[in-house]
Amino acid sequence: MKNTALTKTHEALGAKMVPFAGFNMPVQYEGVNAEHETVRNAVGVFDVSHMGEFLIEGEYALALIQKVTTNDASKLTIGKAQYSCMPNDTGGIVDDLIVYRVKENTYLLVVNASNIEKDWNWIESKNDVGATMRNLSDDYSLLAIQGPKAVGAMQSLSSHDLSSIDFYNFVVADFAGIDYVIISATGYTGSGGFEIYCKNSEVKQIWDKVFEAGADYGIKPIGLAARDTLRLEMGYCLYGNDIDDTTSPIEAGLGWITKFTKEFTNSAALKAEKEQGPKRKLVAFELDERGVPRHGYDIVEETGNIIGVVTSGTMSPSLNKGIGLGYVPTSFSEIGSKIYIQIRKNAIPATIVKLPFYKI
Amino acid sequence: MNIPSELKYTKDHEWVKVEGDIATVGITDFAQSELGDIVYVEVETLDETLAAEEIFGTVEAVKTVSDLFLPLSGDIIEFNNALEDEPEKVNKDPYGDGWMIKIKCSNLNEVDGLLSAEAYKNLIGA
């Protein structure tokens, strides 16, 4: 199992460590609900250095990215990022990712830790255009500094005006005594803030200075458990749960990042699926009664007939009710529709709702 | 780790306090800390008669679900209703406000099969 450059720091803070995607990661420090609140109301820091980073460079970098991803990377100017996904040849998704345009012909792809090897091999297999690929995953760390107080708490650490970085934009600037890091206005929580990409050798210094600067703002370290409840309240997909090799971007509600202005892997079939309408859809639901929906539970009709499956579920800390995502036939996917979640012996009624579950 | 010496324990990390033929049951400090924040305690066996080791309910933490096993045979005569709205009481006070059920025991000989505080301490390696 791999460690991040901060593993010892997490252990010293008393974190509960768990294996996740081949890494020894902090799942919680003081408790998931308290950590969730910290990010919603103040500012928290996640070590998400397990994420993978690929650099795609050269004259044909854009051509390769356009070919393997669904979003239109030609729209990216330097300093902009976009959420995207890589479809496979059979209607599913290899991974979801963020594409950053760092320089004229240099793009950074940030992929899920569990998929680093699979993604690398996949992109390489499609690289008949001659782009240069570098896997930086083992050399780079990633801190997510998230919450409504992130900008205020972190401003003293950079000469760049952090409030001027718009959502899904980034700068390469000084931060916490390091001359060049990527400061990106992205995240997986819905509560605003930044993600900082730096070298492994730099991350401990940054971590320490971030906590010094944030002390007056109530900054705390946040584990993966709260990362999951925070992302689920926003309805953000988690690869391996809500999307995988068998789910199409169209049925997963990722049509907004699937642009048919260009050709890409399996684009003709996905275009046809979009035009005809998918047979099933990923929906968001709230339980009408007490209970906690979880990944793998059946979605049923009142009669008990199984119509789908829960892909993510939790007790929402902000709403104090059971929330989840799951696939159902399109005929059941209307907002306001009643479905039932089979929780052990009981079918608990639930209502299909619009995302996000929690409005910031 | 708090393991009160006056209570009895099970290998499933429950504690039992026997007074006459009434047993109060909850989960141990170790169990609540392993589970993390508890978000729901479901007991649907109120007023039922169950045998020892049958499942009497479920405790749901943010990340996991665990069955609750009845430590002693008998009737489930009470559920701690306060847990409906405040399941976090199990985290805050597992041996007090976080108690879960009361059993009217049908076979008090079973008490001898429960673990002492010392034996439970050894079990969890505390």
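Side-chain atoms are counted along with the backbone in the values below, which use heavy atoms only and exclude waters and symmetry mates. So that the names make sense, note that chain A is the first sequence line, chain B the second, and so on, each numbered from 1. This one's a predicted model, so the numbers in the text were calculated from it and none came from an experiment.
- Contact of A:Ala226 with chain B is not made at all, since no heavy-atom distance falls under 4.5 Å.
- The number of heavy atoms from other shown groups lying within 6.0 Å of CD (A:Glu302) does not exceed 12.
- Chain A is approached within less than 4.5 Å, heavy atom to heavy atom, by B:Tyr40, B:Glu42, B:Glu44 from residues 40-55 of chain B, ordered by number.
- By the neighbour-count criterion of 12 heavy atoms within 6.0 Å, atom NZ of A:Lys118 is densely surrounded, having more than that number from other residues, nucleotides or ligands.
- Per-residue counts of heavy-atom pairs under 4.5 Å with chain B were compared for A:Arg290, A:Lys16, A:Gln28; the largest is that of A:Arg290.
- The shortest heavy-atom contact between A:Val32 and B:Asp37 is N-OD2, 3.2 Å.
- At most 12 heavy atoms of other shown residues, nucleotides or ligands fall within 6.0 angstrom of atom NZ in A:Lys354.
- Minimum interatomic distance between A:Asn33 and B:Val39 (heavy atoms only, all atoms of both residues): ND2-CG1, 4.3 Å.
- Between A:His36 and B:Val62, the closest side-chain pair of non-hydrogen atoms is not below 4.5 Å.
- Shown here is A:Lys338, whose NZ atom has more than 12 heavy atoms of other residues, nucleotides or ligands within 6.0 Å.
- At distances below 3.5 Å, at least one donor-acceptor pair connects side-chain atoms of A:Arg294 with backbone N or O atoms of B:Thr64.
- In this structure, no portion of A:Asn320 lies under 4.5 Å from any heavy atom of chain B.
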